[in-house]
Amino acid sequence: MIEFKNVKKVYPGGITALDGISLKIDRGEFVFVLGHSGAGKSTFLKLILHEETATEGKIVVNGYDFRRIKNRQIPYMRRSLGVVFQDFRLIPTMTAYENVAFAMRVTNIPEKQIRSRVPYVLNLVGLKDKARSYPPELSGGEQQRVALARAMVHSPPIIIADEPTGNIDPELSVEIMELLTAINKVGTTVVVVTHEQELAAQFHQRTIYIEKGEVVADTSAGLRDKLVSPSEVEVVAR
């Protein structure tokens, strides 16, 4: 599903954001990618979305080899990913229903299918009664659920959540993570990029630690029962 092999990313000015990382996330996995600000998490995400290109190495996402991908293929690759952003990125002048429906309309999905699919997905995230509400009328947790519904509406094989609990309180954070866990249980690959080590620890999933552009620990590599402590690897929030 997602494979990085010896991937290096150097920005103009010689800033090395990722330094030769290798990892593989298989179909149906739930993975936390942990690291503090500046560790390389944002670059990792931008490379997956092909918003940035690697300086060196191989990246494959959903069968697309980024060394060979054509420009006309990039939109199709991105449609195979559902992305939940920290700042929600909802359109304030559209209702919850319209925000989710918009993600389908831009890909020319028939209106009949939209009318069937959008209420179904809003119901899944517990917002059936908020379909006609505008983002300013919703709480932070509800806005995050709309963003999650929008990411799910195409039934993508992979959902990527970028700091999905960064703008909501701890109780709602657990609810969002439980929703993502439920989505994963039906076969969707879920990747959560976050700095919140304590939250990740509650859900006992594979955890990849990035520090200074390198993968410094991966609980799938025989470390599931002994996570690297903050004193050994500085991955806690700063």
Side-chain angles (χ1 to χ4, degrees), residues 1-2 25 27-30 45-51 60-64 66 69-168 172 175-193:
M1 301 292 281
I2 298 174
I25 298 172
R27 184 181 301 275
E29 280 200 272
F30 190 122
L45 276 178
K46 289 177 180 178
L47 289 173
I48 292 175
L49 296 173
H50 209 283
E51 293 178 353
V60 179
V61 176
N62 283 333
Y64 291 93
F66 285 8
I69 194 169
K70 295 178 172 58
N71 287 337
R72 59 181 172 78
Q73 294 177 305
I74 293 173
Y76 296 98
M77 181 280 296
R78 288 176 177 161
R79 288 174 199 169
S80 72
L81 304 170
V83 185
V84 183
F85 298 99
Q86 178 181 1
D87 57 359
F88 314 141
R89 299 194 185 180
L90 302 178
I91 300 171
T93 56
M94 290 185 176
T95 64
Y97 177 97
E98 291 166 343
N99 266 280
V100 178
F102 182 74
M104 300 185 75
R105 291 191 177 113
V106 295
T107 55
N108 299 314
I109 302 297
E111 195 64 29
K112 182 178 180 180
Q113 189 174 337
I114 293 172
R115 288 196 299 268
S116 172
R117 179 68 178 168
V118 174
Y120 171 75
V121 175
L122 286 173
N123 186 51
L124 284 180
V125 299
L127 291 178
K128 181 180 179 180
D129 297 331
K130 299 285 186 175
R132 296 185 179 182
S133 298
Y134 292 89
E137 300 170 343
L138 300 173
S139 68
E142 288 169 338
Q143 290 184 58
Q144 188 62 290
R145 286 169 180 263
V146 175
L148 181 54
R150 183 181 56 194
M152 292 168 53
V153 75
H154 284 295
S155 298
I158 300 176
I159 286 185
I160 298 171
D162 179 15
E163 297 285 4
T165 61
N167 288 328
I168 56 180
L172 291 174
E175 290 184 10
I176 292 296
M177 294 312 306
E178 288 174 344
L179 271 173
L180 288 168
T181 300
I183 292 166
N184 173 249
K185 285 181 178 178
V186 298
T188 303
T189 302
V190 175
V191 180
V192 177
V193 180

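All values derive from a computational prediction rather than experimental measurement.
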Problem - Intermediate values then yes/no, side chain to side chain contact (heavy atoms under 4.5 Å, CB included), I183 and L124 - result: CA-CA 10 Å; I183 292 166; L124 284 180; over 6 Å; no

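- No donor-acceptor pair closer than 3.5 Å links the side chain of N123 to the backbone N or O of K128.
- A donor-acceptor pair is defined here as one N or O able to donate and one able to accept, closer than 3.5 Å; such a pair exists between the side chain of E142 and the backbone of S139.
- For Y134 against T93, the heavy-atom pair with the smallest separation is CE2-O, 3.3 Å.
- No more than 12 heavy atoms of other residues, nucleotides or ligands lie within 6.0 Å of CZ in R27, so this atom counts as exposed by the packing criterion.
- Distance check: F30 CZ to I159 CD1 gives 10.0 Å after rounding to the nearest 0.5 Å.
- For R132 (side chain) and T95 (main-chain N/O), no donor-acceptor pair under 3.5 Å exists by modelled atom type.
- Here the closest non-hydrogen pair linking L45 and I160 is CD2-CG2, 3.2 Å.
- In F102, the CZ atom is not crowded: 12 or fewer heavy atoms of neighbouring residues, nucleotides or ligands sit closer than 6.0 Å.
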Exercise for the section: Determine, step by step, whether K130 and Q143 satisfy the side chain to side chain contact (heavy atoms under 4.5 Å, CB included) criterion, reporting the C-alpha distance in whole Å, the side-chain angles of both residues, the deciding distance to 0.1 Å, and the verdict. Expected result: CA-CA 10 Å; K130 299 285 186 175; Q143 290 184 58; over 6 Å; no

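- Of all heavy-atom pairs between Y97 and V118, the closest is CD1-CG1, 3.4 Å.
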Handout entry: Worked check of side chain to side chain contact (heavy atoms under 4.5 Å, CB included) between E163 and V193
Key = CA-CA 6 Å; E163 297 285 4; V193 180; 5.6 Å; no

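- Taking CD of E98 as the reference point, atom CD1 of I114 lies at 11.5 Å (rounded to 0.5 Å).
- Of the inter-residue distances, the one linking I48 atom CD1 with M77 atom CE reads 9.5 Å to the nearest 0.5 angstrom.
- To the nearest 0.5 angstrom, L49 atom CG is 11.0 Å from I74 atom CD1.
- For the pair Q144 and I176, the tightest heavy-atom approach, listed with the atom from each and the gap, is CG-CD1, 3.9 Å.
- For the pair S116 (side chain) and Q113 (backbone), a donor-acceptor distance under 3.5 Å is absent.
- In terms of heavy-atom proximity, V61 sits nearest to F66 at CG2-CZ, 3.7 Å.
- Between V192 and V190 the shortest heavy-atom distance is CG2-CG1, 3.9 Å.
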All N/O donor-acceptor pairs, side-chain side in residues 145-158, below 3.5 Å, sequence neighbours left out:
| from | atom 1 | to | atom 2 | distance (Å) |
| --- | --- | --- | --- | --- |
| R145 | NH1 | V125 | O | 2.6 |
| R145 | NH2 | E175 | OE1 | 2.9 |
| R150 | NH1 | R89 | O | 2.7 |
| R150 | NH2 | F88 | O | 2.6 |
| H154 | NE2 | A103 | O | 2.9 |
| S155 | OG | R117 | NH2 | 2.7 |

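- At distances below 3.5 Å, not a single donor-acceptor pair connects side-chain atoms of Q86 with backbone N or O atoms of D162.
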